[in-house]
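Worksheet: one structure, shown below.
Each chain gets a letter, A, B and so on, in the order the sequences are listed, and its residues count up from 1.
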Amino acid sequence: MRWSKTLIPTMKEVPSDAEIPSHQLMIRAGLIRQLMAGAYTYLPLGWKAVQKAAQIIREEMGSADAVEIHMPALQPIELFDRTGRNEAFGSVLIRLDVKRGDRDVHMALGPTHEEVITDLISKQIKSYRQLPLTLYQIQTKFRNEERPRFGVLRTSEFLMKDAYSFGTSLEQLNEAYDAMYAAYCRIFKRCGLTYIPVEAESGPIGGDASHEFMIPAENGEDHIVYCESSGYAANLERAETGRSTPDLSGSGSGAALEKVHTPNAGSIEAVCKFLKCKPEQMIKTLIYLADDQPVAVLLRGDHEANEGKIRRALEAGSVELADETTIKSITGAGIGFAGPVGLECRIIADHDVPLIGDAISGANETDQHYINVNLGRDYQLETTYDLRNACEGDPCPKSGEPLKFVHGIEVGHVFKLGTKYSKSLNAVFLDENENREPIIMGCYGIGVNRIVAGLAETKHDDKGLIWPITVAPFEVLLIPLNTGDEELMQVAEKMYADLQGQGIDVLFDDRAARPGVKFNDADLIGIPFRVVIGGKGLKDGVVEFKGRTAENPEKVPVDNAVQYVVDQVAAAKAELSA
RNA sequence: CGGGAUGUAGCGCAGCCUGGUAGCGCGCUUGACUGGGGGUCAAGAAGUCGCAGGUUCAAAUCCUGUCAUCCCGACCA
């Protein structure tokens with residue numbers, strides 16, 4: 001491709017709307033332009049990078065025996081009604097009511113494709129002999145994000161690879177899952193990404209049924225909890241702690257329980273300000289409804305409740321925070337004044353609660369708190385659970401070493417779905433004994449845009465992008481320094497043609513711009529290899545070859561240059577092969 | 001959806017407080033010089049000051065409303 005024939009609008013200045021490096025660089029390097037909040041046009045360089053990532057995904061899906069199809073973005077709302085997700089998606093689902101003659105057609109722009117593909121399979125698969133099967137597509141997904149942000153990392157319209165596996169048994173599901181997991185590792189390695197597979201919230205199947213693939217990055221929205229010595233890694237929702245139930249015989253100094261007036265102090269923060277104490281000194285009492293039964297959950301004041309853990313501890317199907325009426329009827333007080341002392345409902349506590357001596361808690365009376373609350377004397381516990389989000393420094397569940405935290409960008413998610421969709425959409429097969437069974441499904445997503453944005457976010461220096469050769473929009477940037485020099489241009493044109501002839505993806509900077517402009521643009525757009533043809537070098541019969549991150553260029557004889565570049569490109573690719 | 005900020009030329013910004021001819025840098029066009037890390041000189045083009053209403057002799061500037069974008073939070077199958 002000739003620079004003069006394509007559109008690469010590079011920018012010297014940082015756009016004011018872009019905060020994080022990937023957003024700034026993708027705009028400055030001419031990869032993307034914003035149309036509106038959460039919707040971006042991919043310009044030639046950006047789109048080529050996306051296509052290269054997509055091609056790697058296709059190759060690895062193929063190796064894992066997944067087959068590509070293409071499903072509509074337009075989907076009938078009725079399918080979402082059948083799975084209950086019309087309601088569950090809420091405002092995230094973009095609904096369209098379209099007139100056709102005298103009737104309204106209700107549809108949605110697909111936020112994902114479980115419904116569509118399960119519907120397809122329910123009609124096409126009848127026998128266990130047709131399974132297992134894994135299908136995938138690369139499609140634009142539409143989600144009405146409440147708050148699109150971080151450039152291309154969170155948008156309302158994005159390109160996703162989604163694969164779905166269909167099997168007759170858990171064994172088949174596990175095989176498909178493992179194949180996808182392995183394929184994902186190969187994909188992200190080939191894309192040159194630094195990634196961590198982490199355990200994620202797994203829903204109804206439990207166990208190791210879900211992993212997310214994260215790119216560690218300061219600006220990532222997800223929180224990863226990990227342990228260096230055991231290799232344990234999980235997202236914050238999922239991460240367990242290695243804490244255990246402490247001594248439950250009693251706590252505190254023996255100071256007398258005392259009720260204090262705390263007017264309008266219904267939050268941890270307000271109570272701390274009023275009583276001049278720290279949140280760590282408080283017992284936070286949250287009233288939940290677990291399968292419609294009220295339960296009080298005790299946590300240390302500075303800790304965050306984890307509803308997944310609470311649900312599992314209670315062995316409940318669903319848990320949600322109780323409404324104000326329920327709280328009043330159980331505690332006898334307004335919101336913010338619940339406490340364990342004298343509370344007449346089931347109470348479960350986090351491991352850290354018994355360790356708080358002379359604690360402060362609500363008195364189950366509006367505008368009243370207790371101080372010097374102690375286990376054994378003032379309230380009782382039979383055991384404790386892990387009910388809160390992990391904190392930095394908590395013991396690792398495997399090694400007991402302190403857990404560390406890092407932010408991450410989620411680029412992939414593999415998930416064992418089970419029969420949620422096959423049951424609601426009647427996707428069943430006939431087994432060997434003529435029994436009708438629901439198909440067991442898995443789903444596996446990759447955010448294609450996020451591969452590109454994640455690379456931009458994590459692979460750059462102060463001059464610009466640094467692409468891995470596999471995803472780089474071009475492999476080689478060929479720069480003739482003086483386009484007015486006919487002799488030089490003849491050499492350059494020949495090299496351009498020869499490199500293309502060797503299968504090298506080369507961008508030819510044929511602009512009549514000054515060297516400084518070309519060099520700075522070259523660094524900004526981050527093509528892995530740069531070949532410079534200049535008048536001085538040519539007199540000595542050499543051109544300059546430089547890797548994007550190399551300190552200095554190497555001089556290569558003109559006659560060997562093409563072969564040299566071909567070898568370097570091959571070597572760089574080999575380094576990233578899975 | 002709560003909190004905060006910003007809309008002036010393609011990009012980055014000043015001007016607004018204290019109303020009175022629309023500014024700067026980069027980029028763009030033309031010409032000359034120049035030619036290995038965003039060069040110099042000269043001459044240009046380009047803006048309904050986000051939009052609507054109001055106050056005023058007069059509004060980029062003051063007032064009201066509205067739209068858009070960004071940031072923090074809530075949300076994110």
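- In this model, the phosphate group of B:rU6 is not approached by any side-chain N or O of A:Ser16 to a distance below 4.0 Å at OP1 or OP2.
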All N/O pairs under 3.5 Å across the protein-nucleotides 29-32 of chain B interface:
none

Check residues 445-454 of chain A and write down every donor-acceptor pair under 3.5 Å in which the side-chain atom is one partner and the other belongs to a residue at least two apart or another chain.
{"unit_1": "A:Asn449", "atom_1": "OD1", "unit_2": "A:Tyr42", "atom_2": "OH", "d": "2.9"}
{"unit_1": "A:Asn449", "atom_1": "ND2", "unit_2": "A:Leu159", "atom_2": "O", "d": "3.1"}
{"unit_1": "A:Arg450", "atom_1": "NE", "unit_2": "A:Leu153", "atom_2": "O", "d": "2.9"}
{"unit_1": "A:Arg450", "atom_1": "NH1", "unit_2": "A:Glu410", "atom_2": "O", "d": "2.9"}
{"unit_1": "A:Arg450", "atom_1": "NH2", "unit_2": "A:Leu153", "atom_2": "O", "d": "3.0"}

Please list, for nucleotides 75-77 of chain B, all pairs of protein and nucleotide N/O atoms separated by less than 3.5 Å.
{"unit_1": "B:rC75", "atom_1": "N4", "unit_2": "A:Arg149", "atom_2": "NH2", "d": "2.8"}
{"unit_1": "B:rC76", "atom_1": "O2", "unit_2": "A:Arg154", "atom_2": "NH1", "d": "2.7"}
{"unit_1": "B:rC76", "atom_1": "O2", "unit_2": "A:Arg154", "atom_2": "NH2", "d": "2.4"}
{"unit_1": "B:rA77", "atom_1": "N7", "unit_2": "A:Arg143", "atom_2": "NH1", "d": "3.2"}
{"unit_1": "B:rA77", "atom_1": "N6", "unit_2": "A:Arg143", "atom_2": "NH1", "d": "2.9"}
{"unit_1": "B:rA77", "atom_1": "N6", "unit_2": "A:Arg143", "atom_2": "NH2", "d": "2.6"}

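- Under the Watson-Crick and G-U wobble criteria, each requiring two contacts below 3.5 Å, nucleotide B:rC41 is paired to B:rG31.
- Remark: A:Asp119 engages A:Lys123 in a salt bridge (Lys or Arg N to Asp or Glu O under 4.0 Å) (not counting sequence neighbours).
- Applying the ring-ring contact (aromatic ring centres under 6.0 Å, His included) test to A:Tyr136 and every residue at least two apart in sequence or in another chain returns nothing.
- Each side chain to side chain donor-acceptor pair (under 3.5 Å) pair with one or both residues in residues 517-530 of chain A, not counting sequence neighbours, appears once here: A:Thr10-A:Asp521, A:Arg511-A:Asp521.
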Can you tabulate the close N/O pairs, meaning under 3.5 Å, that link protein atoms to atoms of nucleotides 36-42 of chain B?
{"unit_1": "B:rG36", "atom_1": "N1", "unit_2": "A:Glu544", "atom_2": "OE2", "d": "2.9"}
{"unit_1": "B:rG36", "atom_1": "N2", "unit_2": "A:Glu544", "atom_2": "OE1", "d": "2.3"}
{"unit_1": "B:rG36", "atom_1": "N2", "unit_2": "A:Glu544", "atom_2": "OE2", "d": "2.6"}
{"unit_1": "B:rG37", "atom_1": "O6", "unit_2": "A:Arg530", "atom_2": "NH1", "d": "3.0"}
{"unit_1": "B:rG37", "atom_1": "N1", "unit_2": "A:Asp523", "atom_2": "OD2", "d": "3.1"}
{"unit_1": "B:rG37", "atom_1": "N2", "unit_2": "A:Phe519", "atom_2": "O", "d": "3.3"}
{"unit_1": "B:rG37", "atom_1": "N2", "unit_2": "A:Asn520", "atom_2": "OD1", "d": "3.1"}
{"unit_1": "B:rG37", "atom_1": "N2", "unit_2": "A:Asp523", "atom_2": "OD2", "d": "2.5"}
{"unit_1": "B:rG38", "atom_1": "O2'", "unit_2": "A:Lys12", "atom_2": "NZ", "d": "3.4"}
{"unit_1": "B:rG39", "atom_1": "N7", "unit_2": "A:Arg514", "atom_2": "NE", "d": "3.1"}
{"unit_1": "B:rG39", "atom_1": "N7", "unit_2": "A:Arg514", "atom_2": "NH1", "d": "2.8"}

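- Residues passing the side-chain contact (heavy atoms from CB on, under 4.5 Å) test with A:Glu19: none are found, sequence neighbours excluded.
- With sequence neighbours excluded, the residues that form a ring-ring contact (aromatic ring centres under 6.0 Å, His included) with A:Tyr496 are A:Phe508.
- Residue-level contact check: A:Phe80 touches neither bases nor backbone, having no heavy atom under 4.0 Å from any strand.
- Qualifying salt bridge (Lys or Arg N to Asp or Glu O under 4.0 Å) partners for A:Arg143, counting only residues two or more places apart in sequence or in other chains: none.
- For the C1' atoms, the distance linking B:rA46 with B:rU8 amounts to 14 Å, nearest Å.
- For the residue pair A:Glu554 and A:Tyr564, a side-chain donor N or O sits within less than 3.5 Å of a side-chain acceptor on the partner.
- With sequence neighbours excluded, no residue forms a ring-ring contact (aromatic ring centres under 6.0 Å, His included) with A:Phe150.
- Taking the ring-ring contact (aromatic ring centres under 6.0 Å, His included) definition, one finds that A:His113 meets it with nothing, sequence neighbours left out.
- In this entry the distance linking CG of A:Asp17 with C1' of B:rC13 reads 14 Å, nearest Å.
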